[in-house]
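The structure appears below as structure tokens.
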Amino acid sequence: MTTYTKPLPAISSLNRPYWEALKRHELKLQRCTECGKVWYPPAPFCPACWSDAVTWQRLSGRGRVNSWVVFHQAYFPSFQDDLPYNVAEVELEEGPRLLTNLVGVDLAEIRIGMPVEVVFEDVTPEITLAKFRPVEQHSR
Amino acid sequence: MSLWDLREKAAICGVGHSPYGRRLNRSAIDLAGEAIRQAAADAGLRRDDLDGLIVSFGTPIGADADTLAYVLGLKLRCYLQTWAHGRFTASCIQWAAMAVNAGLARYVACMAAVSFSGLRKPMMGGAGDTEGAREGGGGHGEDPVFGMTSPGAGAALVARKYFARYGATSRQLAAVAVAFRKHAALNPAAIMREPISVEDHQNSRFVCEPLHLLDYCLINDGAACVIVTTAERARDLRKPPVYISGMQGLPAGREEFIWTYPGFGISQQAEYDYEPGLQPVYQMAGVTPAEIDALFTYDAFSILVWTALERFGFCRPGEAAAFTQEGRIELGGALPMNTNGGLLSEAHIMGWNHQVEIVRQLRGECGARQIANAQIIQWANAYGDSLIYRRG
Ligand SMILES: [Zn+2]
């Protein structure tokens, strides 16, 4: 197995449940049971109403491309071989937006509004990243 | 009306800057010293008159306020420093305006010095950018885990969305870079003075697509300084005062993303049709956008010119793309912008070079690039803060 050399997330007391869920191939974010808001990034209480009634909810994993860019410059040497690579902002069905890489799609085919679904990429024994790929059928 | 009306109660009384260059081989303290001493001389002040210092960009790229006091022999009654972002220029001047009117200091030097070429490890993206990897996301939407790094990448996300939402093009964005390069050609202090065309812009390589190299500002060395005092004191000094008529603070929150206005729909912003209304800076100054003789903005990336114009109501959302064509933002146009050449072509001194230019324009010191009879000039940014200056 080759060593993964790209930057890894910093696990904190706030975001640990997010990364533990991804490791089990589940996309979870915090949801407020008082106002119903789902948000990213993880917070100590609901950023919409400041309620402490916060649960970790499993999400559908579906969303749409809100915007995307293509890197032509390798700021990190570990991304050199990927050039040109995409970074997309995906708007989840539940509302929050996540930064990610789109997989299984040519750069020329990426469009704003394109429906996508989560795929789980185990990059180390501890860390799994949520990436997204296009879906043909999308119910919203 | 606020309890403490500061309209035209503070003024800029002196400006100064070091040479600007790609690789000056001079330390940030050295550059800062030149800028601050020039600004004092411009105002007709002596070293010991300066009793306040506000620095917007410290180590490792710049020089910290306490070090500057110690090394340059300043005797400060108060100092303050923001962390290393260009976004704090107006905030520094606003705090200085309050400090001199509250009696905390008499003359506050506000400045940034930068020596990007002196850095061992690049900080604008990549492994040296520790802030980009902080908890909760970087200051421009960075997330290094996905290779999302550098301030320009966040601007590229905004540009892509802008193009799609409003049917604008990269070719239209070229007009911004071309206009500011024309201004730089008239400015002996500017680093990039060779004219460029729309084709040059289109043919320049992508850095973070859809932004081309010529959509990106310079990375360079230099320092610039302005001295803030009370309007009353400024009237007795060597140069005519430039009054601070209006101020608007730097907003933050989930509805803000550094490179655009609320409602744009990037990061966690809601998406809706933004309505600027009459922004607080105009209400404080008692003017409207129609009375602004020239507009200066933080043009780290060309797209920020469009979002700034729309944020402050110079254009409706989506209309800046057309507005910035046909010389409208050039000298002689309806709304000249960044007549120094901006961060894109003069130098990237975090917008401090723009403050120097605004003051010189209002004093009529700009020679070949002088705006005829400039009375009111605004500094207003995509991220929502602003200053309105008036000729004294
Ligand atoms: Zn809530």
Side-chain angles (χ1 to χ4, degrees), chain A residues 4-15 19 37-43 47-48 65-80 82-92 95-103 107 110-113 121 123 127 129-132, chain B residues 121-130 132-138 140-166 204-213 216 253-255 257 259-260 264-271 303:
Chain A
Y4 187 77
T5 54
K6 289 174 178 160
L8 288 167
I11 310 293
S12 76
S13 62
L14 275 180
N15 67 27
W19 294 106
K37 177 93 174 173
V38 179
W39 65 86
Y40 181 87
V65 173
N66 183 55
S67 189
W68 90 103
V69 298
V70 178
F71 277 79
H72 291 260
Q73 183 166 316
Y75 293 88
F76 292 103
S78 52
F79 279 89
Q80 177 75 47
D82 296 351
L83 292 180
Y85 68 90
N86 76 74
V87 176
E89 191 176 79
V90 166
E91 183 172 310
L92 300 171
R97 303 194 186 102
L98 297 180
L99 286 170
T100 187
N101 306 120
L102 300 178
V103 297
L107 292 176
I110 303 172
R111 295 284 180 275
I112 286 180
E121 204 172 294
V123 297
I127 297 294
L129 301 181
K131 300 205 170 176
F132 286 79
Chain B
K121 214 174 181 186
M123 256 184 71
M124 294 291 130
D129 181 12
T130 48
R134 71 187 178 182
E135 182 175 21
H140 323 86
E142 293 90 339
D143 189 346
V145 169
F146 299 104
M148 181 67 178
T149 185
S150 81
L157 269 183
V158 169
R160 177 84 70 183
K161 176 122 184 167
Y162 191 104
F163 294 164
R165 186 168 171 182
Y166 300 118
S204 68
R205 69 180 168 90
F206 284 124
V207 180
C208 190
E209 193 181 344
L211 295 184
H212 291 266
L213 182 65
Y216 277 64
R254 293 179 77 83
E255 297 304 324
F257 179 70
W259 299 141
T260 190
F264 192 82
I266 284 284
S267 184
Q268 307 303 328
Q269 292 181 314
E271 187 168 332
I303 184 73

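Here is the naming used below: chain letters follow the sequence lines, and residue numbers restart at 1 for every chain. For the numbers below, each heavy atom of this structure counts, side chains included, while hydrogens, waters and symmetry mates do not. What you see is a predicted model, and the numbers here were worked out from it, not measured in a lab.
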Determine whether [X] and [Y] make a side-chain contact, defined as any pair of heavy atoms from C-beta on separated by less than 4.5 Å.
X: Asp129(B); Y: Phe76(A); value: no
X: Gln73(A); Y: Phe206(B); value: no
X: Pro47(A); Y: Arg254(B); value: yes

Heavy-atom pair with the smallest gap, counting every atom of Phe79(A) and Phe146(B):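 Minimum heavy-atom contact is CZ-C, 3.6 Å.
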Minimum heavy-atom distance Val145(B)-Pro9(A), with the two atoms named: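 For Val145(B) versus Pro9(A), the nearest heavy atoms are CG2-N, 3.5 Å.
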Chain B contacts, top residue of Ser12(A), Ala88(A), Pro42(A), Ala10(A) (heavy-atom pairs, under 4.5 Å):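 Most heavy-atom pairs under 4.5 Å with chain B: Ser12(A).
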Who wins among [options] for the most heavy-atom pairs under 4.5 Å with chain A?
options: Ala159(B), Ser150(B), Ala270(B), Pro210(B); result: Ser150(B)
options: Gly152(B), Gly265(B), Gly253(B), Ala153(B); result: Gly265(B)
options: Ala156(B), Pro144(B), Gly137(B); result: Pro144(B)

Among Val87(A), Asn66(A), Leu99(A), side chain to side chain contact (heavy atoms under 4.5 Å, CB included) partner for Leu157(B):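 Running side chain to side chain contact (heavy atoms under 4.5 Å, CB included) over Val87(A), Asn66(A), Leu99(A) with Leu157(B) returns exactly one hit, Leu99(A).
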To the nearest 0.5 angstrom, please state how far the [atom1] atom of [X] sits from the [atom2] atom of [Y].
X: Met148(B); Y: Thr100(A); atom1: CE; atom2: OG1; result: 12.0 Å
X: Tyr162(B); Y: Ser67(A); atom1: OH; atom2: OG; result: 14.0 Å
X: Arg160(B); Y: Glu89(A); atom1: CZ; atom2: CD; result: 13.0 Å

Engaged part of Ala130(A) at the chain B interface, taking heavy atoms whose separation is under 4.5 Å: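 Only the backbone of Ala130(A) comes within 4.5 Å of chain B.
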Phe71(A) versus chain B, the contacting section by heavy-atom distance below 4.5 Å: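 Backbone plus side chain of Phe71(A), per the 4.5 Å heavy-atom cut-off to chain B.
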Of the backbone (N, CA, C, O) and the side chain (C-beta and beyond), which part of [X] lies under 4.5 Å from a heavy atom of chain A, both, or neither?
X: Leu211(B); value: neither
X: Arg165(B); value: neither
X: Gln268(B); value: both

